[in-house]
Every structure is written in C-alpha cells, then in structure tokens.
Amino acid sequence: MTTTITLPQHPFGTEITTADIIAQMQAATGWEDRYRNVIQLGKKLPQLDDSYKQDQLKISGCESQVWLHHQIIDDRYYFIADSDARIVRGLITLVLTAYHGKTAAEINRFDIDTYFENLGLIAHLSPSRGNGLKAIVEQIKQLAQQ
C-alpha cells in the first residue's frame, strides 16, 4: 500500500538531482555565478506554512532560522525545510536534493562531503554558514538513524 505525501511538494531530490546541481555548479564561471545559482535554486523551494515553523523543528547551530520537517513513507524520508535567509534557502535545496525521497541506508551511504566539494561552495561560505549547513546535514542523518 502506498501512502500519499502530505508535505508540501518541491522538485529537489525528484526532478532536480544531485547530478543536475553538480553540472550546474561546475558550469558556473566563478563564485558569484555559483552564488547566483544557489539563490535561484532557493527561489524554487516553497515557503513553509507558519504551522511548520515551530521551535521543535528549528535546527540549532544555524545563524539564520531554519526549520526542518520530515515524514517517512514506505521507508523513505521526505523533507521540507525553510529559512529566513535567501542564501540559506538555496543551501537547503542542495541538501534536500541529496536526501529527499531516500531510504535511511541511502542517506547514510551518501558522501555529502564529496558532493559539497564537487559544488565548489564550501570554501566560499562564512564559517557560520558552513556550520549551519553541517547542522542541517547532521539533523537529517540523525533522523535517518532513529
């Protein structure tokens, strides 16, 4: 029996894949172009309804406010997330592309460090943005281990 997803839909991890994102970032002509790409990706992320913006769904360790909600359907993890910062919304899309719709085993197997390396972004993020990005990834990995 298949259950329908009740979370708001987004294209990350389904229509937009990690291979798509890597190709887009590697085609960029520099940091500013990559930054613009990240901002544009963030615009494709639906804004969360305020009902999802609860304190227990906030990611600690992020400079900006970030909310992450998940649902497990047929052993697959589906995520929605949002932030009050444009660049962070874009960074969220990179993470969701890697993990949305995956099983716990796929989440745990995915080499997120190599993925980020291939995107060529981490070195250009402020330490607090980099730590926030890692906090989002760690929260997803913890959810997949429960």
Side-chain angles (χ1 to χ4, degrees), residues 2-3 5-48 52-54 56-146:
T2 304
T3 310
I5 298 174
T6 57
L7 298 177
Q9 297 292 324
H10 59 73
F12 302 101
T14 53
E15 295 116 54
I16 300 173
T17 66
T18 55
D20 297 332
I21 301 280
I22 290 169
Q24 182 180 359
M25 292 301 176
Q26 289 180 347
T29 58
W31 163 238
E32 292 82 12
D33 200 19
R34 283 187 184 94
Y35 185 85
R36 268 191 302 281
N37 285 340
V38 171
I39 295 292
Q40 290 303 314
L41 288 167
K43 289 180 179 180
K44 295 179 182 183
L45 186 67
Q47 289 199 351
L48 285 185
Y52 289 104
K53 295 181 179 177
Q54 304 164 13
Q56 69 268 24
L57 299 176
K58 272 189 185 178
I59 304 286
S60 59
C62 294
E63 181 178 299
S64 305
Q65 292 189 87
V66 175
W67 300 271
L68 176 72
H69 184 71
H70 79 289
Q71 186 174 31
I72 305 168
I73 301 171
D74 297 331
D75 295 324
R76 294 193 172 274
Y77 288 73
Y78 297 91
F79 300 96
I80 55 171
D82 202 355
S83 176
D84 59 351
R86 286 186 326 156
I87 186 65
V88 177
R89 284 178 54 82
L91 295 172
I92 287 169
T93 67
L94 304 177
V95 175
L96 295 183
T97 301
Y99 294 130
H100 185 76
K102 306 293 190 291
T103 64
E106 290 169 325
I107 289 170
N108 290 315
R109 250 192 335 262
F110 188 79
D111 186 351
I112 195 76
D113 294 327
T114 299
Y115 172 57
F116 287 150
E117 210 173 281
N118 288 332
L119 297 177
L121 292 173
I122 298 297
H124 299 284
L125 295 177
S126 68
S128 61
R129 289 278 188 247
N131 289 337
L133 187 59
K134 289 176 189 171
I136 297 166
V137 168
E138 286 307 312
Q139 180 67 29
I140 288 174
K141 286 184 174 186
Q142 284 179 8
L143 291 168
Q145 291 175 357
Q146 294 177 357

> Could you pull out the closest heavy-atom pair between Asp33 and Ala28, with the gap in Å?
OD2-CA, 3.2 Å

> Are there over 12 heavy-atom neighbours, none belonging to Lys134, within less than 6.0 Å of that residue's NZ?
no

> How long is the gap from CG on Leu45 to CD1 on Ile92, to the nearest 0.5 Å?
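CD1 of Ile92 is found 6.0 Å from CG of Leu45.
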
> Where does the angle between the aromatic ring planes of His100 and Tyr78 fall among parallel (under 30°), tilted (30 to 60°) and perpendicular (over 60°)?
perpendicular

> Judged by modelled atom types alone, do Ser128 and Asn131 share a side-chain donor-acceptor pair under 3.5 Å?
no

> Of the non-hydrogen atoms in Thr97 and Ile16, which two are nearest, and what is the gap between them?
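Closest approach of Thr97 to Ile16, heavy atoms only: CG2-O, 3.3 Å.
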
> Write down the atom of Ala104, the atom of Ala144, and the distance for their closest heavy-atom approach.
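Taking every non-hydrogen atom into account, CB-O, 3.2 Å.
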
> I'd like to know whether the aromatic ring centres of Tyr99 and Phe79 sit less than 6.0 Å apart in this structure.
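Centroid separation for Tyr99 and Phe79: 6.0 Å or greater.
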
> Of all heavy-atom pairs between Gln9 and Pro46, which one has the smallest distance, and what is that distance?
O-CG, 3.1 Å

> So do Val66 and Gln139 actually touch side chain to side chain, heavy atoms under 4.5 Å?
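Side-chain contact under 4.5 Å: no.
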
> Taking all atoms of both residues into account, what is the closest heavy-atom pair of Thr17 and Asp20, and its distance?
N-OD2, 2.9 Å

> Considering only heavy atoms from C-beta outward, does the side chain of Ile107 approach that of Leu143 to under 4.5 Å?
no

> Return the orientation label for the Tyr77 and His70 ring planes: parallel under 30°, perpendicular over 60°, tilted otherwise.
parallel

> Within the distance-only criterion (no hydrogens, no angle test), does the side chain of Asp82 pair as donor or acceptor with the backbone N or O of Leu48 below 3.5 angstrom?
yes

> Any donor-acceptor pair under 3.5 Å linking the side chain of Arg86 with the backbone of Ile39?
no

> Out of curiosity, Gln142 CD to Gln146 CD, how far, rounded to the nearest 0.5 Å?
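Answer rounded to 0.5 Å: 7.5 Å.
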
> Is Leu121 close to Phe116 at the side-chain level, that is, under 4.5 Å between some pair of heavy atoms?
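A side-chain contact under 4.5 Å is absent here.
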
> Would you find a donor on one side and an acceptor on the other, under 3.5 Å apart, between the side chain of Asn37 and the backbone of Arg34?
no

> Is it the case that atom CG in Asp75 sees more than 12 heavy atoms from other parts of the structure closer than 6.0 Å?
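Count not over threshold, so no.
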
> Can you tell if the side chain of Gln54 reaches within under 4.5 Å of the side chain of His69, non-hydrogen atoms only?
no

> Could you tell me which non-hydrogen atom of Arg129 sits nearest to which non-hydrogen atom of Leu125, and how far apart they are?
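Smallest interatomic distance, heavy atoms only, reads CB-CB, 4.1 Å.
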
> Taking the side chain as C-beta and beyond, is there a heavy-atom pair between Ile22 and Leu119 under 4.5 Å?
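Touching, per the 4.5 Å side-chain cut-off.
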
> Kindly compute the distance separating CD1 (Ile80) from CD (Gln47), expressed to the nearest 0.5 Å.
12.5 Å

> Within this structure, what is the CG-OG1 distance for the pair Leu96 and Thr18, rounded to the nearest 0.5 Å?
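Reported value, rounded in 0.5 Å steps: 12.5 Å.
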
> Calculate, to the nearest 0.5 Å, the distance between atoms CD and NZ belonging to Gln65 and Lys58 respectively.
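That separation rounds to 4.0 Å.
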
> What's the spacing between Thr93 OG1 and Lys43 NZ if we round to 0.5 Å?
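Reported to 0.5 Å precision, the distance equals 12.5 Å.
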
> Do Gln26 and Asn118 have side-chain heavy atoms sitting under 4.5 Å apart?
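In short, these two side chains touch, coming nearer than 4.5 Å.
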
